[in-house]
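This is the structure I have questions about; it appears just below.
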Amino acid sequence: MLTYLLRRLLLMIPTLLGITVLVFSVMAMSPGGISAQTLIGGMDMKPQEKQALLDYYNKRYGLDQPAPVQYLRWLNNVSPIGFVSDSQGQRGEFSFSKGMDLGTSFQYGRPVSDILAERIPITLLLNLVTLPFTYIIAIMVGMKAATQRGSAFDLGAGMSMLALWSIPTMLAGVLLLGFFANVQYFQWFPTAGISSREAQDMPFLPYWDEGGFVRGFLLDRIWHLILPVICLSYGGFAALTKLTRTSILENLHADYARTARAKGLAENDVLWKHVFRNSLLPLITVSAGLLPSLLAGSLIVENIFSINGMGQLAVEAVKGRDRELVLSITWISGFLTLIGYLIADFCYTLADPRVSYD
Amino acid sequence: MTKSVSSRESFSARIWRKTLAGVGVKFGLGWVGLLVFCAVFAPFLANSMPLLMSKGGTISAPVLEYLSVEDAWILASFFIALAVFRLNIDGGKQILLFLLGSALAALLVNSFVKPPVLVIYDDFRGPAYTQVDWKIMPPIPYAPVDYLRDLGSKGLEAPFATEGHTHLMGTEENGADVLSRMIHACRISLSIGLIASGIALAIGIVIGGLMGYFSGVVDMLGMRLVEIFEDIPTLFLLLTFVAFFGRSLYMMMVIIGVTGWSGYARYVRQEFLKLRKQDYVQAAVASGLPLSSILFRHMLPNGVAPLLVAVSFGVAGAILSEATLSFLGLGVVDAPSWGAMLDQAVKSSTFNWWMAVFPGGSIFMTVFAYNLIGEAFRDAIDPRLSDKAGVKS
């Protein structure tokens, strides 16, 4: 198992390199190259200022050098081992412990790592709340549809799940925001953000005091998260329900299930202890594919609900043509995706002892 | 005694018959047909100028005079497609003939159709077009870029909100009629869906075919490439492409196509890995046929069925990608698009329900239709996965 994990981790390196090469060449091939694209926002600057900025970038990032050299410089800065470079951009000696430097965002003028450290937890929170929610509903509905195969519930669920799956996230987001958060209709939920300003000073749990009910930090967070999580989850559970249903159907009539029934087990025990456990495998495989789609989904959801997560940052970075941010975000979302696949493979061995990677 | 029944029905004919048996797929095909109709005849369905009018004894057709090169080419291609479909020749030749025909039509249209450079929509509500003997207007008498400034429109009016001129689906922020824009936007959605998945399919078949046929090192390298394209969040790569390369419709088609091939490559690879050891492939190799012939003439037709499923889901995905880009404000500039209209629903301080319900609804219906078609294909090709399989009432 350990060798397998090691091999997988090593195989991640070429994939991650490939992803960055791809994105980097897109930027390098764009009209005018990276230097022209990065300075596109500086139209209102004085000529001297613009020249000074260009000089600074040239020194700091080598924007005047050919694209492959620029890429290698970036790679050297990002990788944990490589050549040390000083503030002049001169190359020093080779080192194994120089640490990673994601660079400075052109747009915000702050280190990319700082910006990402603020944004990633928010996106992860959104996705990690969504995942269990998705699985619970999917397994419930899928199980009921499979045991009552051919019934009205089964057919209705099949059709409505396909319909749910086809609803674009942005339509769901816009409709939910418009009807449930807007002052014109039901103003039940907040329109933006993941917590209100006053919630920062509240205690964590809700409580009663002389002023009345105080929401507390936790409830406030949940209240803000309800609409975004609905938007993120419905597509996932539609796909998962279908999968649960087919996978349970396959096992429901297997020999071991009949044996379990024959020895007098209650139907519920047969379902949950035998059939369900054996139907888990495909559900786990899909969970790995679910993560990238969740990341893409949060891109839209964060923009609709004005949540300051990585998805919103990605759109801002791309619109501002911020090279360092764009590269780092691609790199990190690629990394998260690969980690997702790795975890799925690991869970595989837990769910099915027959699978081993040695 | 049981009598054996031999069927002369070919594999593809059987798949078509089984696919068309469902209710959902009929609905899906119906919706797509409606979209095609709207896309082809958009200038005759929604336009500010009369279809036909008579003034002082002379009958003229202003819509035809103002028909743009694009409109004329789409019309010509549609009728060429109809004619080719009628001919009794095999599929590959039909496609080739259609492509040749529409290329020829493009040339002809480019050299002969010369619409007026400037279209002033206010003129069509002036005396030259109103004081006539009789005139026939299109069903929706507003063009998609007719901003109705002469009628004092403020934009973002709810359906039926204003007296005098009826907007069945309200107006958008610049005062143009939403229904008219929706009809013209069918073109963008349909063409993005078909062309982008066509490009993705072509790349996927070639790369997947080579991977499956050669296996070994080629397969290893190819799989890394597939993995790279799978692990990149496609939407993000698209955003990068569009932001750095500019927002042309054709660029978008190419980009969605270039980023979306990995799934097709996987399907083709899997099929080809199964097929490569078959006798007829070995025979083709032994008789010294060129590689392209082995791959595309002998192996591909036997491995194409699962691709149909992937393609119908892929078209839905491409349409969704375009809508998402437009929604994020990175879509085509100034051309009507469902995604961009949906964006206007919450842009202003109020919630404009008609901007959400109608364009969003048609994105949903289109994606749903393609998904239904894909589902029906899958049930027909692989009955084990079917919902209806083995259900005894």
Side-chain angles (χ1 to χ4, degrees), chain A residues 11 14-16 18-19 21-23 26-27 29-31 34 37 149-150 154-155 158-159 162-163 165-175 177-179 181-185 242 245-246 289 292-293 295-296 299-300 303-304 314-315 318-321 326 329-330 333-335 337-338 341, chain B residues 24 224-225 227-237 239-246 255 259 316 319-320 323-324 327-330 338-339 342-343 345-346 349-353 355-357 359-361 363-372 375 384-385 387-393:
Chain A
L11 266 179
T15 316
L16 283 176
I19 293 175
V21 168
L22 195 74
V23 173
V26 168
M27 293 196 279
M29 282 187 309
S30 61
I34 294 176
Q37 293 280 348
R149 181 187 210 189
D154 184 21
L155 291 177
M159 207 58 168
L162 191 66
W165 189 42
S166 313
I167 297 178
T169 318
M170 47 206 175
L171 174 63
V174 163
L175 286 180
L177 188 70
F179 283 112
N182 203 293
V183 277
Q184 282 167 285
Y185 297 95
K242 214 156 176 52
R245 180 185 170 278
T246 28
S293 74
L295 283 177
L299 205 93
I300 303 163
N303 268 289
I304 295 176
V315 177
V318 162
K319 278 186 176 167
R321 296 179 172 79
V326 169
I329 293 172
T330 341
S333 35
F335 184 71
T337 313
L338 286 173
Y341 284 121
Chain B
R224 287 285 89 71
L225 199 65
E227 260 173 31
I228 290 173
F229 273 89
E230 261 172 6
D231 291 337
I232 294 187
T234 320
L235 193 61
F236 184 64
L237 189 64
L239 278 176
T240 317
F241 258 112
V242 173
F244 280 85
F245 273 91
I255 297 161
T259 49
I319 290 175
L320 213 51
T324 309
F327 180 74
L328 292 175
L330 286 164
W338 292 338
L342 184 55
D343 186 28
V346 278
S349 54
T350 52
F351 172 59
N352 314 303
W353 64 266
M355 297 302 292
V357 170
I363 299 174
F364 161 67
M365 289 289 271
T366 313
V367 173
F368 189 36
Y370 279 108
N371 283 343
L372 279 173
E375 196 95 329
R384 278 185 310 124
L385 293 174
D387 275 347
K388 286 148 240 146
V391 179
K392 294 180 188 78
S393 50

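Chain A is the first sequence line, chain B the second, and so forth, proteins listed ahead of strands; every chain is numbered from 1. Side-chain atoms are counted along with the backbone in the values below, which use heavy atoms only and exclude waters and symmetry mates. What you see is a predicted model, and the numbers here were worked out from it, not measured in a lab.
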What part of A:Leu22 gets closer than 4.5 Å to chain B, counting heavy atoms only: side chain, backbone, both or neither? side chain

Contact origin within B:Ala369 toward chain A - heavy atom pairs under 4.5 Å: neither

Could you measure the distance from the CG atom of A:Asn303 to the CG atom of B:Leu328? Nearest 0.5 Å is fine. 5.5 Å

For B:Leu342 and A:Leu171, run side-chain contact (heavy atoms from CB on, under 4.5 Å): C-alpha distance rounded to whole Å, both residues' side-chain angles, the deciding distance at 0.1 Å, then the answer. CA-CA 7 Å; B:Leu342 184 55; A:Leu171 174 63; 4.2 Å; yes

Which one, A:Ser333, A:Ser166, A:Gly18, leads in non-hydrogen pairs under 4.5 Å with chain B? A:Ser166

Taking the side chain as every heavy atom from C-beta outward, state whether B:Leu239 and A:Leu299 have any pair of such atoms under 4.5 Å apart. yes

Region of B:Leu372 in contact with chain A, defined by heavy-atom distances below 4.5 Å: both

Which pair of heavy atoms, one from B:Leu320 and one from A:Met170, lies closest together, and at what distance? O-CE, 4.2 Å

Between B:Phe229 and chain A, with a heavy-atom cut-off of 4.5 Å, which part of the residue counts as in contact: side chain, backbone, both or neither? side chain

Begin with the C-alpha distance, continue with both residues' side-chain angles, and end with the deciding distance and a verdict on side-chain contact (heavy atoms from CB on, under 4.5 Å) for A:Lys242 and B:Glu375. CA-CA 12 Å; A:Lys242 214 156 176 52; B:Glu375 196 95 329; 2.7 Å; yes

Residue, of A:Thr337, A:Ile19, A:Leu177, A:Leu175, that accumulates the most heavy atom pairs under 4.5 Å with chain B: A:Ile19

Name the region of B:Phe327, side chain, backbone, both or neither, that has any atom closer than 4.5 Å to a heavy atom of chain A. side chain

Where is the tightest heavy-atom contact between B:Thr240 and A:Val326, given as atom of each residue plus distance? CG2-CG1, 4.0 Å

A:Phe179, CZ: over 12 other non-hydrogen atoms inside 6.0 angstrom: yes

